[in-house]
Protein chains: 2
Amino acid sequence: MLEWLKEPEINFPGQLEHGGFEHGVCVGQIQAKAGLTQSTVSEYLSILQRAGFIEAKRVGQWTYYKRNEGAFEALSKLIQSNL
Amino acid sequence: MLEWLKEPEINFPGQLEHGGFEHGVCVGQIQAKAGLTQSTVSEYLSILQRAGFIEAKRVGQWTYYKRNEGAFEALSKLIQSNL
DNA sequence: CAAATATATCGACTTTTCCCGATATATCAA
DNA sequence: TTGATATATCGGGAAAAGTCGATATATTTG
């Protein structure tokens, strides 16, 4: 999912019908591509959010998720320095 | 364990009695510090070895393990570029 | 070769993670 | 307000990972 969200335009064409990509991609799009149930995908996304890798924005009945690039940079640096 | 092996002289003083650190640290030293059973530590180390994070060298009845720094560098870069 | 020592492997049990269906909550549309 | 849609949360069963004791293998020493 994290890789998918790196190129949302390519991986989630259906998102165009939900107002574009500025806020991220909504759960239903990710679920359809993942082939897992709605509850599983929702839980995954909330875990990734708590871990700081993605950000959520609620707009109406939709929740949009997008990557937090800073977290990946930080993880990469942490592996370099601490591990 | 991976962090311990970054500074073997500091974390495994008992290793001095096993011929020093040039080949790495032997399993018994790591086991004592980890506080887990011998079998568990042996399995951990073999998993880390298969994953490429450490290298093993058998010398007599001892197996010495040491870090493979390249693997950490590669992981850090992989997170930067692919994730 | 036999006993001692260091490590590896195996089988079983426990704990954690994964994933689901059911249900709850929130928003939108009529 | 009611029904439809999107997402979140909950409880449980299945799968995977963690950990152990017992045992096997390899090496050294006497």
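The sequence lines fix the lettering, A, B, ..., with proteins before strands; numbering per chain opens at 1.
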On the ring face of A/Phe72, is A/Arg67 found with NZ or CZ under 6.0 Å from the centre and within 45° of the axis?
yes
Starting from C1' on D/dT7, measure out to CG on A/Leu48 and report it in whole angstrom.
16 Å
Relative to the 5' end of DNA chain C, which residue comes earlier, A/Gly60 or A/Gly35, by the nucleotide with the nearest heavy atom?
A/Gly35
note: A/Gln15, atom CD; D/dA6, atom P; distance rounded to Å ~ 12 Å
Round to the nearest Å and state the distance from A/Met1 atom CE to C/dC18 atom C1'.
12 Å
Regarding C/dT7, can its base be found pairing with the side chain of B/Gln61 as donor and acceptor, where the two atoms are less than 3.5 Å apart?
no
Check: protein-nucleotides 8-15 of chain C nitrogen or oxygen pairs below 3.5 Å:
residue: C/dA8; atom: OP1; partner: B/Tyr65; partner atom: OH; Å: 3.0
residue: C/dA8; atom: OP2; partner: B/Ser42; partner atom: OG; Å: 2.9
residue: C/dA8; atom: N7; partner: B/Gln38; partner atom: OE1; Å: 3.4
residue: C/dA8; atom: N7; partner: B/Gln38; partner atom: NE2; Å: 2.9
residue: C/dA8; atom: N6; partner: B/Gln38; partner atom: OE1; Å: 2.8

Which word best sums up how the rings of A/Trp62 and A/His18 line up, parallel for under 30°, tilted for 30 to 60°, or perpendicular for over 60°?
perpendicular
To the nearest Å, how far apart are B/Tyr64 OH and C/dA6 P?
11 Å
CZ of B/Phe21 to CD of B/Gln29, rounded to nearest 0.5 Å, is 8.0 Å
Would you say B/Lys57 has more than 12 foreign heavy atoms packed within less than 6.0 Å of its NZ?
no
What is the distance, rounded to the nearest whole Å, between atom CG of A/Leu36 and atom P of C/dT17?
18 Å
note: B/Trp62, atom CH2; D/dT25, atom C1'; distance rounded to Å ~ 16 Å
Atom pair distance, as rounded to whole Å: CD in B/Glu17 and C1' in C/dT5
15 Å
To the nearest Å, give me how far apart CD1 (A/Ile30) and C1' (D/dA6) are.
13 Å
Enclosure of B/Glu69 CD (heavy-atom neighbours >12, cutoff 6.0 Å):
yes
Using distance alone, with no hydrogens and no angle criterion, decide if A/Ser39 and A/Ser42 have a side-chain donor and acceptor under 3.5 Å apart.
no
